[in-house]
Amino acid sequence: MTTYFQAYGTFAALLVLSIAFVAVAFGANRLLRPNRPTPGKLTTYESGMDPVGTTWSQTQIRYYVFAFLFVIFDVESVFLFPWALVFADIGVAAFWEMVVFIGVLAIGLLYAFKKGVLRWA
Amino acid sequence: MNGQEVAFLILAVIGGLAGLLVVTSRNVVHAALYLVVALASVAGVYLLLAAPFVAFVQVIIYVGAIVVLILFGIMLTRAPVGRRVLDNTLRARVGAFVVGAGVFIMFTVFLGGAFGDERIENQGATATEALGESLFRNYVLPFEAVSVLLLAALIGAIVLARRD
């Protein structure tokens, strides 16, 4: 139990260190840099073009399908971690269990492909 | 106080503050980003409870995927995103307070009443291997059923999102 917390103690130290690194870098930047804003400097940089419209707008529903596909395969990937750990012990059965699991999800991907939601027309 | 309790206190304060900011933020996108902090601190609590797999699931699914879905949901709907601030009416605020306080009291009373005197001994970390063993040996059918559930959700989302 102690080693468990020690292992994550290293992780916690890394987390604190990385937050401190970003905070110090941006804090030092804020203290050292000159601050002379002009309207030109404050506009959004869009490849040298003047930005069109506002940054806040309704997005296309197509993006939602991509986000949802990501969620589905994210959930799938969660099951791959415990599976990878016991794969060698259980053997062929574990392999086919995962084949069925991914196969069922692949039907969904095939459906998405057939319906053309993966294509940007 | 031992290290575990100190860590819990820090996580509880961060998570609690982030949760408060989620509901008080006047910008709905900022609220979604504060939700990331709140959910991540919950993942930290899972780690403290010696459940590393649940903690990583929390990070991968909730911080990674669910927040993405929420952000897309915000961007798709005509929610008051951006400069237009949320102007919640007094009635909505009172209603939200009543519901929040009710859930809080219910949880503290019921959980306190059910497990208040119970002492859970340190059992060591739950090994992810043990979880995989039981999942892929004893609970194969429920595991495969999850794939069908995900398939249904995916097809449902595509049907809803398509115009024709």
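Chain A is the first sequence line, chain B the second, and so forth, proteins listed ahead of strands; every chain is numbered from 1.
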[atom1] of [X] to [atom2] of [Y]: how many Å apart, nearest 0.5 Å?
X	Y	atom1	atom2	answer
A/M98	B/E144	CE	CD	8.0 Å
A/L69	B/I158	CG	CD1	6.0 Å
B/I155	B/L160	CD1	CG	12.0 Å
B/L47	B/Q4	CG	CD	11.0 Å
A/K41	A/N35	NZ	CG	8.5 Å

Most chain A-contacting option - heavy-atom pairs closer than 4.5 Å, from [options]:
options	answer
B/V57, B/V148, B/L69	B/L69
B/V68, B/T128, B/I60, B/L71	B/I60
B/G3, B/P52, B/A7, B/G64	B/P52

- Between B/Q58 and B/L39, is there a donor-acceptor pair closer than 3.5 Å when you use the side chain of the first and the backbone of the second?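 Answer holds: yes.
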
- Task: Taking B/S25 for its side chain and B/V22 for its backbone only, find out whether a donor-acceptor pair lies under 3.5 Å.
- Result: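 No.
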
For [X], is it the side chain, the backbone, both, or neither that has a heavy atom closer than 4.5 Å to a heavy atom of chain A?
X	value
B/V140	side chain
B/F136	both
B/F143	both

- Query: How far apart are the closest heavy atoms of A/V104 and B/L151, and which atoms are they?
  - Reply: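 Shortest heavy-atom contact: O-CD1, 3.4 Å.
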
Find the one option among [options] whose heavy-atom pairs under 4.5 Å with chain B are most numerous.
options	value
A/A112, A/A67, A/P82	A/P82
A/F70, A/W83, A/Y63	A/W83
A/F11, A/F81, A/Y8, A/F87	A/Y8

Is [X] in contact with chain B via its backbone, its side chain, both, or neither, using a 4.5 Å heavy-atom distance?
X	answer
A/F101	both
A/V100	both
A/I102	neither

